[in-house]
Amino acid sequence: MSDHQLPALLEACVVVGASSDKLRDVYQAVNNNEGPESLLLEPEVLHVLAPPFVSRPQNDSEVLRLRGKMQRSFLRRKREQSPSAAATQSQAGAAEGRRGSEDARVPNDIDLMALPQLCFPDGLQVTNEQRDERFHFLVFTDVFGNKTHGVVMQWYRPILVHSTPQYLDGTSFLHNGAVSSKYSTLFSVFSVCAISKYPYFTALKDCLSCLLVQLRTCRFSDMEERVKDFAAKLTLVPVPPPGQLHMMFTLRPLTIVLPSSEDKDQPAIDLDLHLPFLCFRPQQLLQVISCLLQEQRVVLFSSDWARLTLTAESLLLFLQPLSWQQPYVPILARGMLDFLMAPTAFLMGCHLSHFEEVAAETNDLILINIDNGSVSTSCSDTIDLPHVPPAAADCFTQRSQSLKIHFDLAQCHHMSCTNINEQRAQRRAWQQNLNHDIQRITLELIVNIFRDVSSHLNYEHRVFNTEEFLKSREPAEQLFYKKVLDTYIFHSFLKDRLNRKIDNYARMEHSTRSEMQKMKAMVEVTRRPTMQEIQARRKSSITETQLNKRLGMSLPNLGDAQTINFQRNALVPRLIVSDPALRTPPKPVKVFKLPDFPASLSFHSVQSYYSELIQQLSKAIFSIQNENSAMLARFYYLRGFINTLCSRRLEALSDFQNLYKTDTTIFPTHLATWLVDSLHQDERQQADKRPELKRLITKVKTENEKPYVQPDNHVKKFKLPRKHLHQDEFVQCVQECGIVKDIATIHRLFDALTDGKSNQVDPGLFRDFYTFWKESEDEAQHVNLPTEVIDHLNNSECVYKLSSCVKTSHGVGKIAMTQKRLFLLTEGQPGYLEITKFRDIQDVKIASAPFLLVRIPSLRIQTSGRTEVFEANLKTETELWNLIVKEMWTGRKMADQHKDPQYMTQALTNVLLMDAVMGCLQTQRSIIAASKLAYFDKIKHEVPMMVPKTTSEFLKHKINPSLDLAEPQTVHVLLYTPGQLTCNGSEDEMNPKLWVALTGGKVVVFDAASWSILQDSIQVGEAQLNCMLGLVQEQVWIGSQDSVIYIIDNHSMCCNKQLTEHRHEVTSLTVDTRDQHNSQHVYSCSSDGTILQWDSASLKVKRHLHLSCDHLSSIQIHDGTLWCCCGNGIVEMKKNGIPQRRMPLPDDLEGMPSSFSSFIVMPERGQLWAGSADSGELCLWHINNHRHPFKKISLPGSSGVTCMICVKDQIWVGCRGWSGVGGHSDGQRRSQVLVVDPESHTVSKELQAHSDSIQTLCSAEDRYVLSGSARLDGKIAIWKVE
């Protein structure tokens, strides 16, 4: 919805018909008995009725100017002409029209030259019999793609022609009444076109039907006034904002409902989406959708003009979130058929009578006959275009067959309605549910077609790897995707994916991922088929010979797509029956009824109408306070617009200000800016006295002063380089092609390929490296593993490398490597012999085996628990396999000891890079180059691999929130929110969550039951996030350096509320745990010493406190007392804001640039513990003796305290320090989590798991403690609590 215009239902109302002079010609023809039974006339615009319809005082015209700023004058003919003028009309008609009145205005994007043709696409007829009224629908599209919609009503009026011409004066010419025998009766058709910015086809049709009741009985001379009254009433109807609030109003005799759009990026749906399902079988619908996705030249045909637009609009809605980018004209009048000669793709509609003519005169058109449900081309009766992939098509077909698309069948057991509005309400509710089901089914189709696109995107460089995506498709599907990927519609879709847009597509794609896809999202695994996927492939009737026939060919990267296709095939029956993500009911809606329209449309009557509407909105706001913030936002939104119409600018701004606390997604930015700019001097003075308005005005002005930054919407296709690559260019190129993201790893790869001889990589060498990498992927993809072998492996294991056939101490065969083990694929009778698991290896070394007079290089592997040594005569492969096995062995040991699976993932990546480097260099120094990638085998000699026993005992797991990023990010804040036992069936809602705040306002959400990522990117402003707080399992509050408190909904994980009362960075949040009511009291503080108490239900400030200090870094509340951590002390403050006592910095820190970083209050012990960022000790005070600390606890290996929490009567302290070897600092930053016993005041545990300073600690139900570290490490450690 455009937020710079006032959203009224009607833009303009246009009356179209035959002019007086043309009807005079008809009279003459009939009078002379020369006219046929039916005459075609040229239609003309008779009246244009557009706002404003009421006059206003001169000084209150700003709103009208805003409303009319996108309009232009329309010159219409004078309705009343003198007889002399009528006599010369045929010669001077055009000039007379230009001298006509200029009081009508029409929206800029309406073509009044074409409108008459579109209102009468088959011509304006004069007949000798009365015909039924007809409706059809129009869509106008401007050069920017903005749509305007029209609903056209045609009705016939009698023309009474007297035998004596002196009565033809323009007024007596047309009238109602009884027809005497001396008159000849003819009927002329007129049309009224209601034009709107919004696609309210059904509602406007209902409105025009109500108008028709009046037009049937009114005199022709009164017609303009009736239409004007009708149009004026519709301009009083505001369009509902996006969400779940519908608008209802009465236009006698009907009650009409305006449904709202689901969100601001989607149009409102006010048509019957099941019409295409009534006209086409699912197979034909899939053909049509395939043609649109491939941007063909598509023409719809029907004998009913109304069906054309409704079908076209439905088809385009089926494509969402893909948006049609080509010319779109759903109705072509008879004089517009030349449009079909356009060389570009398009979607147009024609009358069925032109079918043969269009098919014969044009080539390469897709012809869709709506009336008989056929799809053909202008060249043949069949379509020779690629079909939708079969897995997605089969799922769509099965779901389509389950739709209940017949209203009468659904209602046959209900009683008959005795009230037309009740019957309409029943039909409307049924239609809304059916539309919801159809949207769900078509969205699932689009998700199934494009699900794998995201795995071929590089977000940092905005690259889509087209070639690799195409190669990942099934051979039979590749032509379809090749055509789709070259379209504008897909390019627009890619922009949204690269922008990480969270829409219905993204939500469904995430909620329907398989367990294997979720597992792969936890670690960055190079594409290989798992054993589970290989078995699924075989169940999909793909034979082993087919899998093996392309072994060794250069067709890379088929694994990922086949994986998902097979998974999807296997899941189709289950999804239809039981998938909760796809069977969610539509959200409940609320209907708001507008007041009755005023009897007269004078200025005061309209103002009274608006006043009554504001009163009703105020009552609605009052009735749902603290209950439904989303609905509350919609009422504020509407009241703000009505206040704007009434020139109540301050009240309007106040309503829009309330959107920050209810739903920021519908905030009308441009209108708020216009309101601020239009404030009068006295209004500005009043606004300065109202803090909330002053804040809003300041914010609006600040935003306007910022330089406009053009959003980066480009999409780049990956291409191999053609010039030498410096290191930075090499990093970008490797990331773009999707091989690896980690910058440190890419730097090691650069060193390996340059081998220290050059600072550039040759483009030919890069091409060889890339080709070998992809060929290796393909070979692994098509490994033919017998069923007996698969049975010995875990479902999640993948074969990453195969050796050539060699002699080993276990027999002859190929050595295969998975992420867990080495095993031998025996020759002859295919079989499985396990060599070793990586975690069981004791030693790996190169030896030589005697053979005749020579010695053959071999690899020996010693496994714990086995006396015999495995030996393989790998010959020229020996050195590479030695590097590979050692790297995997070391990676596995580090992963096990650090409880961090990413070590194994990194080792796998290193191994595959070594293999590719060896394959592309083919020189004597290639093994030396490959050894530069043996990162873990190298660092094990530099850094002790053994994790201290205490750390190993209490460390449960480690996770990486920066997995999807090129470099690790600092973990600034952690928050654990418990799960819910009572929920509405969504697994995500049941499980607890871990919220992680990273650099730049990015929030990542983990499922705390499986530690898989639920949401990888929630953008919360752009500044650093300082604190988080969870409230009653409903909201997560986040304080930011930009002075805003952002609120995320715990269920939808969307950030749509903001609290803007602070003026400086928000540093801490705390809640009064004694309050067990729903309305919790939350306290927030900012660095300037401001402390605000909030009511969490209403989001209103209950109390405003201020503490004079240099920097207020954190607050806590205990037993009704606030404890405030200032830079140079800790202050106890009563709730009334009066400081009680102060714990200053210890004397030894007074002269240093030091401050308290964290503190803990222990009321049950009467103690306060505090730590300083620059001191390796804790200071303890008695609360009743605050002058000097009674105890200091030295923290071993710590140079400062960063954070502290109390868990189960234990104090967990996050520290930072520098590690050293032999008393000398080695420059390696080391951090510890120390557990302090409050009884003995001693450190009971020293836990080491991070290589950078610990930034944050949080507790998970007192069972686990989680620690997050700065960017050099960037990981989260999960610790068990005793």
Side-chain angles (χ1 to χ4, degrees), residues 899 947-958 974 976 1070 1073 1114 1116-1119 1123 1125 1130 1132 1143 1145-1146 1148-1149 1154 1156-1217 1219 1230-1250 1253-1269 1276-1282:
K899 313 291 177 66
V947 174
K949 181 180 179 181
T950 305
T951 299
S952 180
E953 180 182 351
F954 287 92
L955 180 62
K956 183 178 185 292
H957 193 57
K958 288 183 78 173
L974 293 173
Y976 173 89
T1070 188
T1073 56
S1114 64
Q1116 297 179 21
I1117 185 167
H1118 297 279
D1119 296 332
W1123 294 85
C1125 183
I1130 295 171
E1132 179 188 8
M1143 285 71 167
L1145 275 173
D1148 56 332
L1149 296 178
S1154 181
F1156 286 122
S1157 58
S1158 56
F1159 72 101
I1160 291 175
V1161 178
M1162 305 176 69
E1164 67 280 2
R1165 294 181 178 273
Q1167 296 177 2
L1168 182 145
W1169 295 39
S1172 171
D1174 301 309
S1175 173
E1177 58 184 15
L1178 296 178
C1179 298
L1180 283 61
W1181 282 268
H1182 288 301
I1183 292 178
N1184 295 327
N1185 183 8
H1186 58 277
R1187 295 190 178 278
H1188 301 285
F1190 74 90
K1191 179 74 175 180
K1192 291 184 179 180
I1193 302 175
S1194 179
L1195 303 177
S1198 170
S1199 63
V1201 175
T1202 56
C1203 48
M1204 289 195 299
I1205 60 172
C1206 182
V1207 182
K1208 282 189 176 180
D1209 204 26
Q1210 297 175 346
I1211 306 299
W1212 289 63
V1213 184
C1215 304
R1216 63 183 180 188
S1219 67
R1230 180 173 62 92
S1231 297
Q1232 293 186 110
V1233 176
L1234 303 179
V1235 183
V1236 182
D1237 182 1
E1239 289 283 352
S1240 63
H1241 298 161
T1242 58
V1243 176
S1244 60
K1245 300 181 187 69
E1246 298 181 33
L1247 308 175
Q1248 301 174 6
H1250 297 288
S1253 62
I1254 296 169
Q1255 298 293 300
T1256 178
L1257 294 169
C1258 83
S1259 170
E1261 300 178 359
D1262 284 352
R1263 296 172 56 203
Y1264 303 103
V1265 168
L1266 298 94
S1267 58
S1269 63
I1276 300 168
I1278 304 164
W1279 308 92
K1280 292 184 291 186
V1281 177
E1282 285 184 324

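For the single chain, residues carry numbers from 1 onward in sequence order. Owing to the predicted nature of the structure, the values given are computational and were not obtained by experimental measurement.
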What's the spacing between [X] [atom1] and [Y] [atom2] if we round to 0.5 Å?
X: E953; Y: E1282; atom1: CD; atom2: CD; answer: 7.0 Å
X: I1193; Y: L1180; atom1: CD1; atom2: CG; answer: 4.5 Å
X: Q1167; Y: M1162; atom1: CD; atom2: CE; answer: 6.0 Å
X: D1237; Y: D1209; atom1: CG; atom2: CG; answer: 7.5 Å
X: S1114; Y: F1159; atom1: OG; atom2: CZ; answer: 4.5 Å
X: I1276; Y: H1250; atom1: CD1; atom2: NE2; answer: 8.5 Å

With a 4.5 Å limit on heavy-atom distance, are the side chains of [X] and [Y] in contact?
X: D1262; Y: V1281; value: no
X: L974; Y: L1257; value: no
X: V1265; Y: V1233; value: no
X: L955; Y: W1279; value: yes

Q | K1192 vs S1194, side-chain contact (heavy atoms from CB on, under 4.5 Å): CA-CA, chis, key distance, verdict | A | CA-CA 6 Å; K1192 291 184 179 180; S1194 179; over 6 Å; no
Q: Could you walk me through whether S1244 and V1235 pass the side-chain contact (heavy atoms from CB on, under 4.5 Å) test, one step at a time?
A: CA-CA 6 Å; S1244 60; V1235 183; 3.7 Å; yes
Minimum-distance pair of heavy atoms, taken over all atoms of [X] and [Y]:
X: M1204; Y: G1171; value: CE-N, 4.0 Å
X: T951; Y: E1246; value: OG1-O, 3.7 Å
X: L1178; Y: W1169; value: CD1-CE3, 3.9 Å
X: P1163; Y: H1118; value: CG-CB, 3.9 Å
X: I1160; Y: C1206; value: CD1-N, 3.7 Å
X: S952; Y: V947; value: N-CG1, 3.8 Å

Q: Check for a donor-acceptor pair, side chain of T1202 on one end and backbone N or O of I1254 on the other, with a separation under 3.5 Å.
A: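 Looks like yes, one N/O pair under 3.5 Å.
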**Q.** K958 side chain to A1249 backbone, donor-acceptor under 3.5 Å
**A.** yes
Q: Start with the C-alpha distance between C1215 and V1213, add both sets of side-chain angles, then the distance that settles side-chain contact (heavy atoms from CB on, under 4.5 Å), and finish with yes or no.
A: CA-CA 6 Å; C1215 304; V1213 184; 3.8 Å; yes
(Q) Is the distance between the ring centroids of F1156 and W1181 under 6.0 Å? (A)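 Centroid separation for W1181 and F1156: below 6.0 Å.
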Q: Please say whether more than 12 non-hydrogen atoms of neighbouring residues, nucleotides or ligands are located less than 6.0 Å from CZ in R1263.
A: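 Count not over threshold, so no.
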Q: Identify whether the distance between the nearest side-chain nitrogen and carboxylate oxygen of D1174 and R1216 falls below 4.0 Å.
A: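 Salt bridge present between D1174 and R1216.
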Q) When you look at I1130 and L1168, which way does the side-chain contact (heavy atoms from CB on, under 4.5 Å) test go after all the steps? A) CA-CA 9 Å; I1130 295 171; L1168 182 145; 3.7 Å; yes
